[in-house]
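See structure below.
Note that ligands are numbered from 1 as they come in the structure, with each ligand's atoms numbered from 1 the same way.
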Amino acid sequence: MDAGLRVQDLSYRYGAKVALDAVSLAVEPGRFCALLGPNGAGKSTLFALLTGLLAAPAGAVHVAGHDIRTHPTRALARMGVVFQAPTLDLDLTVAQNLRYFAALQGLSGRAASGRIERALDRLGMAERANETARALNGGHRRRAEIARALLHDPAVLLLDEPTVGLDASARAAITAHVHQLARDDGLTVLWATHLVDEVEPTDELVILHQGRVLRQATAGAVARGAPLTQVFLDLTRAAA
Ligand code: ADP
């Protein structure tokens, strides 16, 4: 079974405003794909289509081999999502937040406990399990949300600008953890960002601008030895 993410010719408009124009991309299992685009590029619209919040009039999305249009339940069951807006209950502990989500997924008792322990461990959060979310800093809250998104053992993990508002060291820790999830666990990762410094040379890179994919290749191949920031600016300026 194909455990990757495939997007083909996806288009979307808000009234007369074209937000996505025939976007295609593919991410293989075990790969970290950075979806890089300035504000307004269409990243959030793409996430809304991938997660079924919006329905695309044209194009196709396959999650781990499941067509999101014809088999939405199966497709969404294979997907973990971290949205831009924080969604932890600040009055609950980290473990309680995860247990609640596990129950929504139909997991309870010992199975849930094992998965919660493992997910927190994967994000370096095992020692924080019994702290309230309110007591955590922003970086640790984000890590708890990523752990929660892994509880149902998804094949594909989507993160929409997950480091917004975090300081440099928290950003670095989170990007390192998620790279490790892709590498060690074979997870397919799509990471939306407008920050070039979150992209590593071996990452898959999709540059999105004004609803169009300008490039898809490894970041190293896109940069070809030049600073990626400059390449990104040149590409988006040339397309404006
Ligand atoms: P990004 O997440 O990359 O900042 P968005 O997907 O939010 O980009 O936006 C893509 C384009 O669609 C932008 O031009 C934005 O102004 C427009 N857009 C987004 N949401 C709406 C909406 N609800 N109504 C009208 N236009 C919208």
Side-chain angles (χ1 to χ4, degrees), residues 5-27 31-63 68-69 72 75-76 79-87 138-139 141-142 145-146 149 154 156-167 170-171 174-175 178 188-200 203-219 222-223 228-240:
L5 174 67
R6 322 245 161 250
V7 175
Q8 282 164 311
D9 287 329
L10 209 55
S11 295
Y12 194 81
R13 54 171 74 214
Y14 298 97
K17 169 79 198 167
V18 176
L20 293 177
D21 185 7
V23 166
S24 295
L25 59 91
V27 191
R31 297 289 289 149
F32 180 109
C33 178
L35 177 71
L36 180 65
N39 286 336
K43 302 182 296 297
S44 294
T45 303
L46 179 59
F47 269 63
L49 292 168
L50 296 181
T51 53
L53 293 176
L54 293 175
V61 175
H62 288 83
V63 180
I68 198 152
R69 196 189 301 266
L76 291 174
M79 183 191 289
V81 187
V82 178
F83 286 107
Q84 213 176 102
T87 55
R141 287 182 193 175
R142 268 291 160 186
E145 287 184 302
I146 298 170
V156 176
L157 180 64
L158 307 181
L159 306 101
D160 189 6
E161 308 222 25
T163 60
V164 162
L166 301 181
D167 65 28
R171 282 175 51 208
I174 289 175
T175 50
V178 176
T188 302
V189 174
L190 185 67
W191 171 286
T193 185
H194 63 275
L195 300 167
V196 177
D197 66 355
E198 293 184 347
V199 184
E200 294 185 359
D203 290 343
E204 197 66 19
L205 174 61
V206 173
I207 296 184
L208 189 68
H209 181 59
Q210 295 180 342
R212 292 186 174 194
V213 173
L214 299 184
R215 285 281 188 289
Q216 173 165 10
T218 60
V222 172
L228 188 56
T229 308
Q230 194 56 51
V231 173
F232 176 57
L233 281 176
D234 290 348
L235 281 170
T236 50
R237 273 194 201 125

* Might you confirm whether atom CZ of Arg6 has over 12 heavy atoms from other residues, nucleotides or ligands at distances under 6.0 Å? =>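 Correct, the count exceeds 12.
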* Asked: atom 14 (O) of ligand 1: which protein heavy atom is closest, and how many Å away?
  ->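 Closest protein heavy atom to atom 14 (O) of ligand 1: Lys17 CE, 3.0 Å.
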* How far is atom 22 (C) of ligand 1 from its nearest protein heavy atom, and which residue and atom is that? ->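 Here the nearest protein heavy atom works out to Tyr14 CD2, 3.4 Å.
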* Asked: Going by heavy atoms, is Gly211 under 4.0 Å from ligand 1?
  ->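 Gly211: no contact with ligand 1 (<4.0 Å).
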* At a 4.0 Å cut-off, with the gap strictly under it, does some heavy atom of Gly42 reach an atom of ligand 1? ->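 Yes, Gly42 has a heavy atom closer than 4.0 Å to ligand 1.
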Roughly how far apart are [X] [atom1] and [Y] [atom2], rounded to 0.5 Å?
X: Thr188; Y: Leu158; atom1: OG1; atom2: CG; value: 10.0 Å
X: Leu208; Y: Arg212; atom1: CG; atom2: CZ; value: 11.0 Å
X: Leu35; Y: Glu161; atom1: CG; atom2: CD; value: 9.0 Å
X: Phe32; Y: Glu198; atom1: CZ; atom2: CD; value: 7.5 Å
X: Leu25; Y: Leu205; atom1: CG; atom2: CG; value: 11.0 Å
X: Leu159; Y: Thr175; atom1: CG; atom2: OG1; value: 11.0 Å

* To do: Taking atom 19 (C) of ligand 1 as the reference point, report whether a protein heavy atom occurs under 4.0 Å from it.
  =>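 Yes, there is one.
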* To do: Mark whether atom 7 (O) of ligand 1 lies under 4.0 angstrom from at least one protein heavy atom.
  =>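 So far as the 4.0 Å threshold goes, atom 7 (O) of ligand 1 is in reach of a protein heavy atom.
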Which ligand 1 atoms, with their elements, are less than 4.0 angstrom from a heavy-atom of [X]?
X: Ala41; value: 1 (P), 3 (O), 8 (O)
X: Ser44; value: 1 (P), 2 (O), 6 (O), 7 (O)
X: Ala19; value: 12 (O)
X: Pro38; value: 3 (O)
X: Asn39; value: 4 (O)

* **Candidate with minimal heavy-atom separation from atom 1 (P) of ligand 1, of Ala48, Gly15, Gly40** =>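 Closest candidate by heavy-atom distance is Gly40.
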* Whether Arg69 side chain and Ala56 backbone form a donor-acceptor pair below 3.5 Å ->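 Checked: pair present.
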